[in-house]
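Encoded as structure tokens, the structure appears first; notes follow it.
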Amino acid sequence: MDYKKYIADKISVEGVPSADIESLIAVPPNTDMGDYALPCFRFAKALKKSPVAIAQELAAVISPDDVISEVSALNGYLNFRIDKAGLLRSTLLRIETEGADYGSAHIGEGKTICIDYSSVNIAKPFHIGHLSTTVIGGALYKIFAFLGYKVVGINHLGDYGTQFGKLISAYKHWGNREDVEKRGIFAVNELYVRFNSEATEEMEAEAREYFRLIENGDKAANELFDWFKALTLKYVNKIYDRLGVKFDSYNGERFYTDKMQPVIDELKEKGLLKESNGAQVVDLEAYGMPPCLILRSDGASLYATRDLAAAYYRKATYDFYKCLYVVAYQQNLHFKQLFKVLELLGKEWAKDMVHVAYGMVSLEDGAMSTRKGKVVWLEDVINKCVEKALKVIDEKNPDLADKREVAEKVGVGAVIFGALYNNKIKDIVFSYDKVLSFEGETGVYCQYTCARANSVVGKAEGMSRELPEKPDVNAEEFEVVKALAAFPDAVKEAADKYEPSVIARYAVDLSQKFNKFYFECKILSAEEGVRAQRLAITDATLITLKNALSLLGIGVPEKM
Ligand code: ARG
């Protein structure tokens with residue numbers, strides 16, 4: 001049952017649509033006064049009355065029923081108590097029926113969302129800085145799909161630019177096919193780094209020539225380029241598999257080579273291009289921004305030019321409802337400029353473009369900092385977490401079957417959860433010990449809660465889950481049930497705010513409430529009717545927690 005809607009339908013405020021009332025109804029942090037509350041402050045102006053008076057008047061006309069057991073007013077809030085037995089029955093039955101679909105919805109049907117995320121650079125390290133975009137984008141992908149949207153995951157590859165000429169030049173001078181075949185992206189990256197420190201004037205000129213050859217479709221140059229690209233993708237795809245993310249398109253910057261001219265022509269036609277020191281720019285001074293560079297003085301295109309072409313292409317190809325860019329906040333200006341230029345071009349869909357910005361990730365272990373020129377490869381971070389997880393399992397549960405598999409789920413889950421738990425715009429310091437803690441607000445803690453619930457369920461095979469007609473609901477049970485009932489709202493909130501952390505926090509909250517229930521209430525040894533009810537709560541928690549974690553890309557081991 002959708003309680004917010006149920007409550008909203010009972011309230012009428014002159015001039016306020018029911019949907020607005022529904023969106024104002026919230027679960028108060030402190031439930032002493034009620035399980036749901038409607039703040040009446042927003043209505044004061046329209047009704048020309050104080051919020052306190054409004055809440056009191058509304059409370060007087062709404063009568064309790066078998067869903068709402070109590071209505072009261074306090075300090076401008078209208079408070080509702082939900083009938084505990086009714087909430088327990090309806091929530092548990094719903095979760096049992098919907099199973100893996102619990103929390104999903106159809107609100108996105110007929111709408112397409114493009115998500116540009118991870119967007120790696122060819123032949124460059126896939127490093128810790130790519131963690132957030134990859135897992136935030138991956139989670140948003142799953143969340144929107146769960147809500148019924150058609151989602152297009154796009155890896156806007158960084159595969160365009162003079163650096164590829166440099167790479168070819170370096171390979172010709174110092175490279176060795178066998179080594180590149182064996183060590184793949186690491187060997188290629190070393191060549192590139194070496195070029196940047198050792199290249200002579202001659203090599204620089206040669207690199208420019210190779211870049212020109214790639215651009216002009218020269219076969220040999222393109223074969224090399226495609227090789228570097230293939231081995232980069234092979235490498236990153238392995239990591240994507242482990243993180244549980246996927247893409248529907250790998251159209252990178254290079255894909256737009258022949259798609260920029262129409263945009264440039266349109267900019268010209270609409271009088272938006274201006275010359276500045278030989279370059280072509282869109283002046284954005286009126287909007288308090290530096291000019292957006294479209295063509296360099298030598299006629300070369302820029303990052304923004306390719307992003308403009310990509311935006312046109314995505315609108316034409318997918319007719320998106322929203323187009324998201326999960327990119328670090330360092331590129332705030334780039335996206336502000338991009339969206340503004342689209343607006344100036346008269347594209348009404350410019351309003352549907354969203355920069356989903358996130359903060360930086362650094363490692364607690366300063367020795368591995370990128371500042372010292374040492375790159376922290378994402379794969380190493382994941383491997384280290386998996387190794388550490390394996391060690392912990394070896395200590396805690398040495399006889400566990402499939403230890404490696406469990407360690408993979410725990411280690412990868414720890415990395416993902418560590419990156420998703422905080423509000424995405426915050427900079428985070430990644431700590432191995434913290435993300436792998438069994439006690440903290442971690443993925444491991446949630447997984448462990450699932451394993452605990454699983455073990456109860458395993459011992460309860462064949463036992464009844466038949467709920468009593470009028471269940472007695474104690475405080476611990478009620479807290480779990482309320483949290484369970486809140487899951488669909490958490491999914492929607494995460495989507496509305498482009499914020500997977502809402503779900504990560506939800507998972508921790510549900511885990512904490514379940515653990516309290518588990519420690520304070522007998523389950524298997526309770527008398528039959530009570531046992532059935534508590535087993536049903538345990539089943540429902542397991543389903544819901546698994547659904548929540550899977551939206552983040554985190555798997556749940558049966559035992560750990
Ligand atoms: N490859 C870029 C980088 O590493 C990110 C691309 C983001 N997507 C975009 N459409 N600009 O900085």
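All ligand and atom numbering here is 1-based and tracks the order in the structure.
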Could you pull out the N/O contacts under 3.5 angstrom between ligand 1 and the surrounding protein atoms?
{"from": "ligand 1", "atom 1": "1 (N)", "to": "S119", "atom 2": "O", "distance (Å)": "3.0"}
{"from": "ligand 1", "atom 1": "1 (N)", "to": "N121", "atom 2": "OD1", "distance (Å)": "2.8"}
{"from": "ligand 1", "atom 1": "4 (O)", "to": "N121", "atom 2": "ND2", "distance (Å)": "3.1"}
{"from": "ligand 1", "atom 1": "8 (N)", "to": "D116", "atom 2": "OD1", "distance (Å)": "3.2"}
{"from": "ligand 1", "atom 1": "8 (N)", "to": "D116", "atom 2": "OD2", "distance (Å)": "3.4"}
{"from": "ligand 1", "atom 1": "10 (N)", "to": "D116", "atom 2": "OD2", "distance (Å)": "2.7"}
{"from": "ligand 1", "atom 1": "10 (N)", "to": "D307", "atom 2": "OD1", "distance (Å)": "2.8"}
{"from": "ligand 1", "atom 1": "11 (N)", "to": "Y303", "atom 2": "OH", "distance (Å)": "2.7"}
{"from": "ligand 1", "atom 1": "11 (N)", "to": "D307", "atom 2": "OD2", "distance (Å)": "2.7"}
{"from": "ligand 1", "atom 1": "12 (O)", "to": "Q331", "atom 2": "NE2", "distance (Å)": "3.0"}

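Legend: residues meeting side chain to side chain donor-acceptor pair (under 3.5 Å) with N196, ordered by chain and number and at least two apart, are absent. Applying the side chain to side chain donor-acceptor pair (under 3.5 Å) criterion to D402, with sequence neighbours excluded, gives no partner residue.
Judged as a ring pair (Phe, Tyr, Trp, His ring centres under 6.0 Å), the pairs with a partner in residues 264-315 (not counting sequence neighbours) are, in order, F255-Y313, Y256-Y313, Y303-H334.
Residue V356 forms a side-chain contact (heavy atoms from CB on, under 4.5 Å) with just one option from V326, D116, I115, and that option is V326.
H355 and Q331 share no donor-acceptor pair across their side chains, judged by distance under 3.5 Å alone. A side-chain N or O of D248 and one of Y141 form a donor-acceptor pair less than 3.5 Å apart.
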